[in-house]
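To start, the structure under review is shown below, and the notes come after it.
Because the structure is predicted, anything quoted here is derived from the model rather than measured.
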Amino acid sequence: MDIRSLHFDHLITFQVRDKKENWLEGIKILEDFPLNHEVYQNGPIFFSYEEEKDNEGLFTYYLPINDAVEFEEGITDFEYIHQFSIKKALLMRQAQEEADFSTAIQKIKSYAATENISVENSFICVLLNVYGEYLIDLYIPLKEWSEVK
């Protein structure tokens with residue numbers, strides 16, 4: 001477990017409420033997006049999740065791109081943000097080796113409790129595509145240090 005920051009400039013984003021186990025659906029949408037809109041991906045797709053109730057919550061998906069973009073009229077599902085930044089978060093590298101997200105998240109939260117570190121009730125999952133397989137880095141922001149601009 002490490003304490004790290006996470007920072008990206010120029011992102012396309014969209015949000016959806018869904019069950020935690022349906023996290024992959026938004027990834028599929030973003031993987032197709034650059035092919036249709038002449039922007040270039042320059043970083044890994046990632047998402048944040050904030051649980052609301054009954055294993056359902058708000059997903060926010062992010063696609064780092066090469067420059068600022070303006071959307072044509074009628075495109076309302078996607079938004080451009082200038083910057084995503086988390087100053088400090090607990091990081092579990094290769095979280096895909098755990099049984100599931102819940103297990104990985106609980107492991108990070110247990111570590112935080114043991115080390116007396118206060119963490120947010122959300123997580124960020126960075127998906128690194130390596131030879132057609134996803135490696136997952138799981139971040140849980142430390143309280144007072146998370147910020148999206």
Side-chain angles (χ1 to χ4, degrees), residues 1-53 55-98 100-102 104-105 107-109 111-112 117-149:
M1 217 73 56
D2 289 327
I3 294 179
R4 296 278 175 99
S5 63
L6 186 63
H7 181 91
F8 290 96
D9 292 323
H10 307 297
L11 302 111
I12 294 170
T13 182
F14 79 98
Q15 294 183 323
V16 65
R17 281 186 168 68
D18 206 342
K19 295 193 179 293
K20 193 186 302 185
E21 60 267 14
N22 294 337
W23 63 271
L24 192 54
E25 298 307 311
I27 302 302
K28 293 174 186 175
I29 292 168
L30 279 181
E31 285 178 334
D32 290 339
F33 189 88
L35 302 174
N36 299 327
H37 292 60
E38 297 182 15
V39 295
Y40 303 98
Q41 181 177 345
N42 70 350
I45 293 174
F46 63 101
F47 67 89
S48 64
Y49 178 78
E50 296 178 43
E51 191 159 344
E52 293 172 340
K53 61 181 178 180
N55 203 33
E56 191 170 296
L58 180 65
F59 284 97
T60 304
Y61 293 91
Y62 301 89
L63 174 69
I65 56 174
N66 57 315
D67 202 1
V69 65
E70 290 186 27
F71 293 107
E72 300 169 10
E73 279 189 46
I75 297 179
T76 58
D77 294 341
F78 297 92
E79 198 177 316
Y80 167 79
I81 62 171
H82 176 69
Q83 186 176 87
F84 176 94
S85 183
I86 296 177
K87 293 181 183 176
K88 290 190 179 186
L90 283 174
L91 164 66
M92 175 184 279
R93 293 219 153 232
Q94 297 184 345
Q96 79 279 0
E97 293 180 5
E98 298 297 326
D100 56 28
F101 281 124
S102 297
I105 291 164
K107 196 177 242 186
I108 295 172
K109 287 185 175 184
Y111 174 83
I117 299 171
S118 183
V119 295
E120 298 284 346
N121 192 28
S122 63
F123 65 85
I124 293 89
C125 184
V126 179
L127 303 165
L128 306 165
N129 192 339
V130 181
Y131 303 115
E133 298 285 325
Y134 283 121
L135 298 179
I136 298 173
D137 284 350
L138 187 61
Y139 292 80
I140 296 184
L142 277 58
K143 286 192 177 176
E144 297 106 30
W145 290 101
S146 60
E147 174 181 10
V148 176
K149 297 180 182 176

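A distance of 12.5 Å separates CG in Asp77 from CD1 in Ile12, rounded to the nearest 0.5 Å. Note that the OH atom of Tyr80 and the CG atom of Asp67 stand 7.0 Å from one another [nearest 0.5 Å]. If you take OG1 on Thr60 and CZ on Phe14, they are separated by 9.5 Å, rounding to the nearest 0.5 Å. Note that the CG atom of Leu30 and the OG1 atom of Thr13 stand 7.5 Å from one another [nearest 0.5 Å]. Here the SG-CD1 distance, from Cys125 to Ile140, works out to 11.0 Å after rounding to the nearest 0.5 Å. Of the inter-residue distances, the one linking Phe46 atom CZ with Leu63 atom CG reads 9.0 Å to the nearest 0.5 angstrom.
Contact annotation: the side chain of Tyr111 never approaches that of Val119 to less than 4.5 Å [non-hydrogen atoms, C-beta and beyond]. Under the 4.5 Å side-chain criterion, counting only non-hydrogen atoms from C-beta, Lys109 is in contact with Asn121. At least one side-chain heavy atom of Leu127 sits under 4.5 Å from a side-chain heavy atom of Ile136.
For the pair Met1 and Met92, the tightest heavy-atom approach, listed with the atom from each and the gap, is CE-CE, 4.0 Å. Between Arg4 and Tyr139, the shortest heavy-atom contact is CB-CE2, 4.2 Å. For the pair Gln83 and Asp9, the tightest heavy-atom approach, listed with the atom from each and the gap, is NE2-OD1, 3.2 Å. Scanning both residues, Pro141 and Ala89, for their nearest heavy atoms gives CA-CB, 3.7 Å. Annotation for Leu142 and Ile117: closest pair CG-CG2, 3.7 Å, computed over non-hydrogen atoms.
The number of heavy atoms from other shown groups lying within 6.0 Å of NZ (Lys107) does not exceed 12.
A distance of 6.0 Å or more separates the ring centres of Tyr62 and Phe8.
Among the candidates Glu56, Glu25, Glu52, Glu51, the single residue satisfying the salt bridge (charged side-chain N to carboxylate O under 4.0 Å, His left out) test with Arg17 is Glu52.
At distances below 3.5 Å, at least one donor-acceptor pair connects side-chain atoms of Asn66 with backbone N or O atoms of Tyr40.
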### Message
Would Ile108 and Phe123 count as a side chain to side chain contact (heavy atoms under 4.5 Å, CB included) here? Give the steps.
### Response
CA-CA 10 Å; Ile108 295 172; Phe123 65 85; over 6 Å; no

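Using a 30° and 60° split on the angle between ring planes, Trp23 and Phe47 fall in the parallel class, below 30°.
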